[in-house]
Peer 1: 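After the structure tokens below, expect a handful of questions from me.
Side chains included, hydrogens not; waters and symmetry mates left out as well; all remaining heavy atoms used.
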Amino acid sequence: MKYTLERFTDEVRSVIAATGRVAPELIETATPKSNIPADLAFPAFRAAKALGLPPPQLASELAASITLAPDSLIGAVSATGPFLNFSLHPQRLAEAVLAEVAQMGAAYGTHTDGADQMIVVDYSAPNIAKRMHVGHIRSTIIGQSLVNIFRALGYTVVGDNHLGDWGKQFGVVLAAIELYGRPDAVGEAALEALEAQYARYAAAAKDQPQLDEAARHWSLRLEQGDAQARDLWQWCVDLTMHAAQRNYDRLGVHIDHAYGESFYEHMLPDVIAEALDKGVAQREEGGAVVITDLEKLPTFLLQRSDGGTLYMTRDLATVLFRLTEFKPTRIVYVVGEPQALHLRQLFALTHAMGHALATDLVHIAFGTVFDASGQPLSTRRGNMVYLESLLDEAVARALAVVEQKSPDLPAEEKQAVAEAVGVGAVVYNDLYQDTKRNITLDWDRMLATEGNSATYLQYSHARCCSILRRAEADGSDITHAALLIHPAEVSLIKHLARLPAALREAGERYAPFVIADWCYTTAREFGVFFEQCPVLKAEQSALRSARLALVAATAHALRVGLGLLGIQAPERM
RNA sequence: GGGGCUGUAGCUCAGUUGGAUAGAGCAGCGACCUUCUAAGUCGUUGGUCGUGCGUUCGAGUCGCACCAGCCCCGCCA
């Protein structure tokens with residue numbers, strides 16, 4: 001099926017073609033700037049050049065020779081200088097868009113572009129035996145939003161949480177537990193204690209070499225499948241994942257799999273052997289396996305000289321596993337920008353070995369979070385911000401606002417609204433701008449409840465719900481849609497019609513901010529409508545009913561948009 | 001030394017097959033609550049689009065060179 005604006009664009013191209021004066025390949029369309037009173041433009045420069053005419057002359061000749069069908073979505077055609085401008089027919093637009101939203105409901109805006117295509121999305125990836133912190137929130141939030149967006153585009157999507165549950169540092173975790181005991185705290189507090197033990201052990205090992213030895217021994221026992229080591233390790237995994245799940249639940253995150261790095265341990269010898277067999281990698285005299293001269297990339301290692309494996313080894317095994325397990329057309333890595341080179345090397349290596357030749361390997365790099373003074377966040381610096389406390393703080397601040405603005409809500413609902421608003425603010429802070437940019441942690445901006453903020457979007461939605469609640473109507477009567485010709489109504493309807501295109505663009509650009517931007521503009525358009533067009537007190541009952549339908553459509557569309565971002569849409573606040 | 005990302009209003013950001021007068025929010029100033037949620041709406045102030053060349057009817061957008069910030073460049077992840 002085609003959405004209204006797609007049909008409008010098709011129609012514009014077709015009426016230009018029907019004049020017989022412009023070759024099809026020269027029919028291009030552009031969206032006019034907001035100061036131009038038109039919805040689609042045909043810049044006549046190229047076509048005029050081909051005909052040897054001045055562009056304004058061609059534009060006006062075309063305008064004169066275009067004829068419109070009686071039921072056309074095009075309301076007006078006019079030449080303005082070298083541009084041929086087309087305007088939507090407001091009444092037919094209103095009828096078409098409201099019918100679409102009413103019919104599709106929660107599926108409004110979705111497409112079937114990705115039918116029969118599988119995308120694997122690698123995101124979140126917290127480290128075992130550690131708390132999640134701001135370093136993990138970006139991958140988690142951006143990744144989940146991309147998953148939502150691709151699903152809405154019709155793709156089959158598998159999310160995989162590539163847990164940091166293996167590697168050299170795990171020996172230290174286990175040795176520290178042996179020496180200091182298992183923390184008896186629960187949840188994040190237990191992880192905090194484990195982190196402290198880790199730091200204490202690492203510090204002590206500096207002048208007690210036997211501690212270093214013990215850690216290596218534990219690491220070895222773990223790799224060899226020793227039962228006690230494996231039990232301790234499993235305890236750490238369960239503890240961490242239980243704590244992580246609470247954060248995921250609050251953030252609306254659901255990740256299908258969590259294979260983790262450890263899952264690939266037994267595949268590593270074969271992977272290294274394959275790279276050597278295919279001549280992509282070479283074993284140096286010292287024993288290390290290196291990859292050199294690959295697509296002008298810097299040399300990198302697949303195996304250490306002591307026989308140990310590396311991040312790269314496990315990542316390579318991971319790609320190969322995903323290719324056979326899921327047969328994806330695309331694998332998307334939602335990983336920070338500092339790892340850009342590592343992933344370029346991984347992708348090049350995979351291709352050089354003859355794998356993933358029909359699969360797109362994509363790195364969606366996001367910027368780093370810095371503190372207010374421009375320093376990277378780190379435990380060592382003492383400026384680390386942990387995810388759970390970040391969310392708690394956001395919710396606490398939101399609760400204070402709810403108490404002040406809506407003192408009459410039941411206590412339970414106040415808490416629920418504060419949770420939605422606080423968590424929504426944190427999520428929106430990561431999604432409202434291009435993910436490539438670095439972020440400076442600024443509480444006031446992050447938790448803003450005005451302007452371009454999650455709260456503003458939620459508030460707009462709640463206002464829609466409030467009108468429908470008071471009208472005791474669901475806005476499903478769209479028979480009077482053609483009455484919606486007030487500029488604020490037309491403008492809002494046009495914008496609702498843009499959601500399908502915004503969704504497609506968000507997918508093509510891997511850019512949740514396109515959806516955020518659409519939501520924000522929707523809220524602004526609704527704000528103007530809200531001020532200028534009374535719904536409950538509309539002058540006629542038919543108009544009231546049409547406006548109720550528009551309010552319902554706005555609420556529907558906003559819920560879709562917020563849902564794509566992973567932000568809740570309370571009905572009251 | 002090589003490579004990646006970024007540079008647009010005082011601050012945070014949009015501006016993508018090159019198109020018409022470069023747009024928002026925040027901050028500042030001013031207006032609007034006996035009318036559907038003022039967490040709102042309207043008005044106003046604020047710009048050598050990092051710099052310089054080039055490509056063309058036309059450049060914030062494309063190319064080249066430079067400048068600044070962040071990040072990366074084999075035995076961590």
Peer 1: Which of these nucleotides, B:G25, B:C75, B:C72, is closest to any side-chain atom of A:E284?
Peer 2: B:C75
Peer 1: Can you tell me how far C1' in B:U6 sits from the matching atom in B:C49, rounded to whole Å?
Peer 2: 14 Å
Peer 1: Sort and list the pairs that fulfil side-chain hydrogen bond (donor to acceptor under 3.5 Å, both in side chains) and have at least one residue in residues 281-294 of chain A, not counting sequence neighbours.
Peer 2: A:R283-A:Q303
Peer 1: Is the base of B:C70 touched by the side chain of A:T368 through a donor-acceptor pair closer than 3.5 angstrom?
Peer 2: no
Peer 1: Would you indicate what A:P82 reaches in the nucleic acid, counting non-hydrogen atoms under 4.0 angstrom: base, sugar-phosphate, or nothing?
Peer 2: nothing
Peer 1: Ignoring the backbone of A:Y459, work out which of B:G15, B:U35, B:U37 is nearest its side chain.
Peer 2: B:U37
Peer 1: In this structure, how many angstroms lie between the P atom of B:U41 and the CD atom of A:E450, rounded?
Peer 2: 10 Å
Peer 1: In the strands shown, is B:G10 matched to any nucleotide by a Watson-Crick or G-U wobble pair with both distances under 3.5 Å, and which?
Peer 2: B:C26
Peer 1: Any idea which heavy atoms bring A:M446 and A:V426 closest together, and the distance?
Peer 2: CG-CA, 4.5 Å
Peer 1: Where the side chain of A:Y456 is concerned, which of B:C57, B:G40, B:C36 is the nearest nucleotide?
Peer 2: B:G40
Peer 1: Establish whether the base of B:A22 is bridged to the side chain of A:N35 by a donor-acceptor pair shorter than 3.5 Å.
Peer 2: no
Peer 1: Let's see if you can work this out: which of B:C57, B:C36, B:A39 has an atom nearest to the side-chain heavy atoms of A:K405?
Peer 2: B:A39
Peer 1: Could you measure between the two P atoms, the one in B:G60 and the one in B:U51, and give it in whole Å?
Peer 2: 11 Å
Peer 1: Between A:Y123 and A:T140, what is the shortest heavy-atom contact and its length?
Peer 2: CD1-O, 3.6 Å
Peer 1: Starting the side chain at C-beta, find the nucleotide from B:A77, B:G15, B:C13 nearest to A:R509.
Peer 2: B:G15
Peer 1: Of the nucleotides B:U37, B:U12, B:G19, which has the atom closest to the A:Q433 side chain?
Peer 2: B:U12
Peer 1: Output the single nucleotide from B:A77, B:G19, B:C73 whose closest atom is nearest the side chain of A:F83.
Peer 2: B:G19
Peer 1: Looking only at side-chain atoms of A:T299, point me to the closest of B:A39, B:G74, B:U6.
Peer 2: B:G74
